[in-house]
Novice: 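Quick one: the structure is below, and I'll ask about it shortly.
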Amino acid sequence: MLEYVLERLRAIEHIEIIRIGSRVPVFMPQRIDESLVAMLRRFHPLWMNIHFNHAKEITPEVSHALAMLADAGIPLAHKRFCWLG
């Protein structure tokens, strides 16, 4: 489904950069595999904002998933949620 959406977005001439916000690398780092990274690489320029709730969420598995994305040339940023109440 993600590939379908990215293909459609890339077909729109005035869209220059695609930015994806996701918690997938945090709660399911095993989903970031070679096939997903290869697919994402086709849609440069593509950026990812990774959403963290706490620094303890950065496990070795998460670090590996983020390294795979970065090695594919995908700029990564983080967004930390702040809960009030």
Novice: What's the verdict on side chain to side chain contact (heavy atoms under 4.5 Å, CB included) for R8 and I12, showing C-alpha distance, side-chain angles and the deciding distance?
Specialist: CA-CA 7 Å; R8 297 308 177 265; I12 301 171; over 6 Å; no

Novice: Rounded to the nearest 0.5 Å, what separation is found between the CD1 atom of I50 and the NE2 atom of H78?
Specialist: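 Reported value, rounded in 0.5 Å steps: 11.0 Å.
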
Novice: What is the minimum heavy-atom distance between E57 and H51, and which atoms define it?
Specialist: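 For E57 and H51, the tightest heavy-atom pair comes out as OE1-O, 4.5 Å.
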
Novice: To the nearest 0.5 Å, tell me how far I32 CD1 sits from L40 CG.
Specialist: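 If we round to the nearest 0.5 Å, I32:CD1 and L40:CG are 7.5 Å apart.
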
Novice: Could you pull out the closest heavy-atom pair between H54 and K56, with the gap in Å?
Specialist: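 Reported closest heavy-atom pair: ND1-N, 2.9 Å.
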
Novice: Once side chain to side chain contact (heavy atoms under 4.5 Å, CB included) is applied, do any residues pair with V5, and if so which ones, sequence neighbours excluded?
Specialist: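 For V5 the side chain to side chain contact (heavy atoms under 4.5 Å, CB included) partners, ignoring immediate neighbours, are L9.
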
Novice: Please report, to 0.1 Å, the donor-acceptor pairs under 3.5 Å made by any side chain of residues 60-77, with sequence neighbours excluded.
Specialist:
{"from": "E61", "atom 1": "OE1", "to": "T59", "atom 2": "OG1", "distance (Å)": "3.2"}
{"from": "S63", "atom 1": "OG", "to": "T59", "atom 2": "O", "distance (Å)": "3.2"}

Novice: Would W47 and M39 show up in the same hydrophobic cluster when neighbours are defined by side-chain heavy atoms closer than 4.5 Å?
Specialist: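 In one cluster with W47: M39, no.
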
Novice: Give the cluster check for I17 versus I15: same hydrophobic cluster or not, with ILVMFWY residues linked at side-chain heavy-atom distances below 4.5 Å.
Specialist: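 Result: no, two separate clusters.
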
Novice: According to side chain to side chain contact (heavy atoms under 4.5 Å, CB included), who are the partners of E7, at least two apart in sequence or on a separate chain?
Specialist: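 Scan of E7 (side chain to side chain contact (heavy atoms under 4.5 Å, CB included), adjacent residues dropped) gives E3, R42, F43.
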
Novice: For residues L36 and D33, report the shortest heavy-atom separation together with the two atoms involved.
Specialist: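 That would be N-OD1, 2.9 Å.
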
Novice: Does any part of the side chain of F52, heavy atoms only, come nearer than 4.5 Å to the side chain of I58, both counted from C-beta?
Specialist: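 Yes; the side chains approach each other to less than 4.5 Å.
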
Novice: Sort and list the pairs that fulfil side-chain hydrogen bond (donor to acceptor under 3.5 Å, both in side chains) and have at least one residue in residues 9-22, not counting sequence neighbours.
Specialist: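 Every candidate side-chain hydrogen bond (donor to acceptor under 3.5 Å, both in side chains) pair involving residues 9-22 fails, so no pair, neighbours aside, qualifies.
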
